[in-house]
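Please read the structure below before turning to the comments.
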Amino acid sequence: MGDVLTASCIYTSGMRAEILAVASAEVARARAGDLEALEEVFRAYQAPVYNLGRRICGNEEDAEDVLQDTFLEVCRSIGRFRGDGSLWSWVRQVAVSKALMLLRRERQRTARSLDGDGNLAGMVGRGPPEPTVPIDLEAALGRLAPVTRAVLWLHDVEGYTHEEIGELMGKTASFSKSQLSRAHRRLREWLK
Amino acid sequence: MTNERHLEMDELLALRDGEESAFARAHVESCEACRGELERLYRVRSELRALPTFGPPRELWPRIRRYVWRRRVRRRLSYGAVGLAAAAALAGLLILRGPAVEPADEWVAEATSEDLGPMINRARQLETVLQYYAPQKRVYDAPTALATSALEDRIFVLDQMLLESRAVGADREVLRGLWGERVLALEQLVTLQVVQEEKRVWR
């Protein structure tokens with residue numbers, strides 16, 4: 001690697017998490033298909049992509065699938081990355097798509113009926129029995145229905161707008177807003 | 001509280017995210033309960049962002065790299081005789097379709113040499129056969145797909161080794177060994193395709 005890597009903030013609102021930005025020369029080499037440069041891209045972004053997958057999907061196995069599928073797609077398509085935004089934004093967009101695709105696949109496999117809002121049971125709003133004592137935030141996240149958790153994470157942590165989330169999920173902005181409300185109502189009950 | 005009802009969760013979230021209505025803003029200024037709830041929402045968001053970061057439990061890059069290699073090999077085969085065999089073509093031994101490739105002098109020398117020439121020519125013939133079967137476009141059962149992928153990977157690795165061997169001026173014996181292995185892998189790949197085709201015809 002010839003160029004110096006610089007640190008940049010993943011998130012826009014003062015978050016502590018930081019990742020390495022890949023130098024532009026490396027990006028150019030990666031776009032040309034250079035395997036070493038592609039590995040640099042992987043090394044720089046594997047942790048945040050895995051974490052995103054883990055937070056949205058809620059388990060290690062799916063998070064690994066998100067990581068693998070994301071970078072297979074990155075290796076296939078990086079030549080089409082225009083370079084007008086940050087590489088991380090592009091990689092993250094791919095990762096979110098892959099994570100939501102996994103959720104959809106899981107939903108198709110497990111769901112058998114629709115609830116009153118047209119949402120599939122088991123993925124939205126319905127979860128395990130209510131806890132009888134307060135639980136911590138990590139446990140509460142794990143108890144949320146997958147789609148509800150995904151909306152919460154994308155909006156409150158990743159900074160996506162309701163319009164963007166609605167589009168990513170093939171739904172409306174109102175769907176995203178209602179899921180976020182549902183998530184926070186649940187958290188309020190459980191974290192007391 | 002000066003207004004008749006407390007704010008709903010979606011109203012509180014809109015307030016937190018700067019999309020509040022005039023009613024919500026006025027209400028929260030005078031309602032201690034809703035102000036407390038709004039502060040709680042800010043706190044939860046901060047806590048969410050401060051949760052520990054998960055890292056991947058195992059190394060995945062080798063698997064991804066293998067996939068990239070395999071895909072490249074498939075693309076090479078799908079374009080027909082390119083790369084190393086193109087050197088032979090441009091040396092006047094063959095007429096091939098595909099993108100023009102400028103042969104390095106040493107490639108031309110190899111393609112016309114007594115010891116390597118026959119193997120390079122044999123590789124070219126096998127690549128031509130593979131163009132007909134187009135393994136990269138076919139759907140196989142799982143064992144055949146795995147065997148095909150493994151052979152394609154092997155051919156790609158051998159190509160890399162041949163290029164590196166040339167670059168460092170490796171011994172002629174090394175080149176003969178690598179070309180021999182490349183021909184063997186191509187023959188196995190062709191055999192796999194022939195067997196599959198026969199199964200398909202007799203099914």
Side-chain angles (χ1 to χ4, degrees), chain A residues 10-11 13-19 33 35-36 38-39 42-43 46-55 60-61 63-76 136-138 140-141 152-153 155-159 161-162 174 177-178 180-188 191-192, chain B residues 6-21 24 33-34 36-76 83 136 149 153 156-157 159-160 163-164:
Chain A
I10 305 177
Y11 306 108
S13 48
M15 295 190 56
R16 66 184 172 77
E18 287 189 345
I19 55 168
L35 274 175
E36 282 183 18
L38 284 168
E39 183 175 357
F42 176 82
R43 300 278 169 226
Q46 63 169 334
V49 166
Y50 178 84
N51 189 55
L52 185 65
R54 179 76 174 72
R55 290 301 182 188
E60 281 183 19
E61 192 183 336
E64 244 188 32
D65 284 349
V66 170
L67 178 58
Q68 177 176 296
D69 292 352
T70 297
F71 280 96
L72 289 178
E73 183 68 43
V74 166
C75 290
R76 264 198 303 266
D136 66 16
L137 184 56
E138 194 76 72
L141 263 183
L152 174 69
W153 193 262
H155 187 274
D156 279 11
V157 179
E158 300 293 335
T161 65
H162 288 299
S174 298
K177 285 179 184 176
S178 73
L180 189 66
S181 289
R182 190 193 296 248
H184 280 288
R185 282 197 301 272
R186 290 274 186 268
L187 293 182
R188 182 174 57 192
L191 298 175
K192 271 177 185 169
Chain B
H6 288 300
L7 297 178
E8 300 289 338
M9 181 60 78
D10 56 343
E11 291 172 308
L12 288 163
L13 285 167
L15 259 175
R16 186 198 66 175
D17 298 335
E19 302 163 353
E20 74 277 10
S21 66
C34 286
E37 186 60 16
L38 183 60
E39 283 166 10
R40 193 192 62 79
L41 287 176
Y42 278 114
R43 194 169 60 247
V44 168
R45 185 170 66 183
S46 298
E47 288 172 2
L48 278 170
R49 292 176 175 180
L51 282 172
T53 301
F54 292 105
R58 64 189 173 125
E59 174 66 276
L60 281 181
W61 176 250
R63 193 193 299 181
I64 294 167
R65 188 182 55 209
R66 273 200 302 277
Y67 170 85
V68 176
W69 276 8
R70 192 157 59 235
R71 187 167 174 270
R72 287 179 183 179
V73 169
R74 285 178 178 165
R75 290 182 66 183
R76 285 160 59 94
Q136 70 280 4
S149 294
D153 281 354
F156 182 80
V157 170
D159 284 358
Q160 297 299 305
L163 288 170
E164 283 169 20

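Convention: sequence-line order gives letters A, B, ...; per-chain numbering from 1.
Proximity to chain A is limited to the side chain of B/E59, based on heavy atoms less than 4.5 angstrom apart. Contact annotation for A/L38: both backbone and side-chain heavy atoms come within less than 4.5 Å of a heavy atom of chain B. Proximity to chain A (any heavy atom under 4.5 Å) is restricted, for B/E37, to the side chain, taken from C-beta onward. With a threshold of 4.5 angstrom between heavy atoms, A/F42 approaches chain B through side-chain atoms but not through N, CA, C or O. For chain A, the nearby parts of B/L60 are the backbone and the side chain; heavy atoms of each come within less than 4.5 Å.
Counting heavy-atom pairs under 4.5 Å between each of A/R55, A/K177, A/E138, A/Q46 and chain B puts A/R55 at the top. No other option in B/E47, B/E8, B/R63, B/R65 has as many heavy-atom pairs under 4.5 Å with chain A as B/R63. For the set A/R76, A/R188, A/H155, the count of heavy-atom pairs under 4.5 angstrom toward chain B peaks at A/R188.
Expressed to the nearest 0.5 Å, how far NE2 of A/H162 lies from CD of B/E19 amounts to 6.0 Å. Distance CG/A/L141 to CG/B/L51: 6.0 Å, rounded to 0.5 Å. A distance of 8.0 Å separates CG of B/D10 from CZ of A/R185, quoted to the nearest 0.5 Å. Within the model, atoms CG of A/D156 and OH of B/Y42 stand 11.5 Å from one another, a figure rounded to the nearest 0.5 Å. Interatomic distance, B/R58 CZ to A/E64 CD, rounded to the nearest 0.5 Å: 4.0 Å. With rounding to the nearest 0.5 angstrom, the CH2 atom of A/W153 is 6.0 Å from the CG atom of B/L48.
The minimum heavy-atom distance between B/G55 and A/Y50, with the atom names listed, is O-CE2, 3.2 Å. A/L137 approaches B/V44 most closely through the heavy-atom pair CD2-O, 4.4 Å.
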